[in-house]
Amino acid sequence: MISKKLITLGTLAATVLVLGACNGDKKDSKDSSSDSKTETSMSSSVDAVSGASISDKPEVIEKALSKDGNWIVAATADLTFDKDVTVAGEFHDKGESSGDIYRKLALYAQDSDKKVTAEYTVTVPQLIVETENFNIVNGTIKGDILVKANGFVLNGTKVEGNVTFEKEEYKTSATLDKEGAEITGETTVQ
């Protein structure tokens, strides 16, 4: 048990540093007002780590994006998946049930001045988005994206592949060009 707590505390320290990188995201002002509350909570409670998932391991990120995952998921390196990855479940801003329905995948790091210092690439055959208001911030998705929910956002993200919407309603509710986001493939409705 002590060993598990030491590992968790080590993970917590790394988590606080990376969440600091996600904190106050200038490109994503929706998050900037209260991420510091999450960071502060995390520094005082090991249990608060469940509010975010930060990793350089594909299996950890895949689980974090599942229906049993977290409201904010951050990659700390380039990731490659050899199978489709599904983003599922309903999540709320800052992990609080009173918050708006919202979920974020951060594919970047930033310094203490909130300047982006690194962007990461996720290579995946297909990213299937079933979560409402899912926001991918910065970085690159190499592969196709299938959107099955309202409110999908690409925020400074480059997609090297196609983006397909299951319904016109989902396409209409999406924001695909925030902060210079771009899609190199086709954008269509099934």
Side-chain angles (χ1 to χ4, degrees), residues 15 18-19 21-22 25 27-28 30-31 50-93 95 100-110 116 118-190:
T15 300
V18 175
L19 267 186
C22 295
D25 179 4
K27 290 187 175 183
D28 189 11
K30 181 172 187 168
D31 287 342
S50 63
S53 184
I54 300 160
S55 182
D56 63 354
K57 297 187 180 356
E59 62 276 10
V60 172
I61 296 298
E62 181 178 14
K63 183 175 182 192
L65 291 170
S66 76
K67 66 183 173 94
D68 299 319
N70 305 88
W71 78 273
I72 186 169
V73 180
T76 58
D78 294 343
L79 302 171
T80 299
F81 297 90
D82 58 2
K83 61 180 180 173
D84 294 350
V85 174
T86 300
V87 181
E90 181 177 288
F91 292 83
H92 296 266
D93 196 16
D100 293 338
I101 295 174
Y102 179 73
R103 197 169 192 192
K104 177 180 177 180
L105 173 59
L107 299 178
Y108 66 97
Q110 64 186 27
V116 173
E119 293 192 41
Y120 306 112
T121 298
V122 171
T123 303
V124 60
Q126 185 174 59
L127 183 67
I128 302 165
V129 178
E130 297 177 352
T131 295
E132 189 175 346
N133 299 330
F134 182 61
N135 185 6
I136 304 174
V137 182
N138 293 338
T140 301
I141 302 291
K142 283 187 177 181
D144 296 333
I145 300 175
L146 174 61
V147 180
K148 298 180 169 191
N150 282 312
F152 177 67
V153 177
L154 293 175
N155 184 350
T157 307
K158 181 177 183 179
V159 177
E160 294 180 4
N162 300 318
V163 177
T164 304
F165 292 88
E166 187 177 60
K167 298 179 182 178
E168 183 66 36
E169 166 191 350
Y170 301 153
K171 182 179 178 192
T172 302
S173 70
T175 303
L176 303 176
D177 58 358
K178 189 172 181 179
E179 296 293 332
E182 65 177 293
I183 300 165
T184 62
E186 295 183 16
T187 302
T188 58
V189 177
Q190 282 184 339

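Counting from 1, the numbers follow the sequence of the chain as shown.
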Would the number of heavy atoms belonging to other residues, nucleotides or ligands and lying under 6.0 Å from CD of Glu59 be above 12? yes

What's the shortest heavy-atom distance between Ile72 and Ala52, and which atoms? CG2-CB, 3.3 Å

Contacts of type side chain to side chain donor-acceptor pair (under 3.5 Å), residue Thr131, not counting sequence neighbours: Arg103

Taking Thr157's backbone N and O only, do any of them form a donor-acceptor pair with Thr140's side chain (distance below 3.5 Å, no angle check)? no

Evaluation steps, side chain to side chain contact (heavy atoms under 4.5 Å, CB included), between Phe152 and Leu176: CA-CA 8 Å; Phe152 177 67; Leu176 303 176; 3.8 Å; yes

With Asp84, which residues qualify under side chain to side chain contact (heavy atoms under 4.5 Å, CB included), at least two apart? Pro125, Gln126, Ile128

Ser53 and Asn70: which non-hydrogen atoms are nearest, and at how many Å? CB-OD1, 3.3 Å

Quick check against the 3.5 Å criterion: does Asn135 have a side-chain atom that pairs as donor or acceptor with the backbone of Lys104? no

Could you check whether any side-chain N or O of Asp78 sits under 3.5 Å from a backbone N or O of Thr121, counting only pairs where one atom can act as donor and the other as acceptor? yes

In plain terms, say whether Lys158 and Glu119 are close enough for a salt bridge, that is, a side-chain N and a carboxylate O under 4.0 Å apart. no

Before you tell me yes or no, could you show the steps for Gln190 and Leu146 under side chain to side chain contact (heavy atoms under 4.5 Å, CB included), namely the whole-Å CA-CA distance, both residues' side-chain angles and the distance that decides it to 0.1 Å? CA-CA 9 Å; Gln190 282 184 339; Leu146 174 61; 3.6 Å; yes

Residue list, side chain to side chain donor-acceptor pair (under 3.5 Å) with Glu90, at least two apart or on another chain: His92

Thr123 side, atom OG1; Phe81 side, atom CZ - distance, nearest 0.5 Å: 9.5 Å

Distance (rounded to the nearest 0.5 Å) between Asp56 CG and Tyr120 OH: 9.5 Å

For Ala75 and Leu107, which heavy atoms make the closest approach, and how far apart are they? CB-CD2, 3.8 Å

Interatomic spacing from OG1 in Thr187 to CZ in Phe165 - rounded to 0.5 Å: 6.5 Å

How long is the straight-line distance from CG of Asn155 back to NZ of Lys178, given to the nearest 0.5 Å? 4.5 Å

Do you know which two heavy atoms are closest between Glu62 and Val85, and how far apart they sit? CG-CG1, 4.3 Å

Can you list the residues that meet the salt bridge (Lys or Arg N to Asp or Glu O under 4.0 Å) rule with Lys171, with sequence neighbours excluded? none

Listed partners of Glu132 passing salt bridge (Lys or Arg N to Asp or Glu O under 4.0 Å), at least two apart: none

Tyr170 and Ser173: which non-hydrogen atoms are nearest, and at how many Å? O-OG, 3.0 Å

Between Val147 and Ile145, which heavy-atom pair has the shortest distance, and what is it? CG2-CG2, 3.9 Å

Contacts of type side chain to side chain donor-acceptor pair (under 3.5 Å), residue Glu169, not counting sequence neighbours: Asn150

Pair Leu127-Ile136, side chain to side chain contact (heavy atoms under 4.5 Å, CB included): steps then yes or no: CA-CA 11 Å; Leu127 183 67; Ile136 304 174; 3.9 Å; yes

Tell me, with the steps shown, if Phe134 and Leu65 meet side chain to side chain contact (heavy atoms under 4.5 Å, CB included). CA-CA 10 Å; Phe134 182 61; Leu65 291 170; 4.2 Å; yes

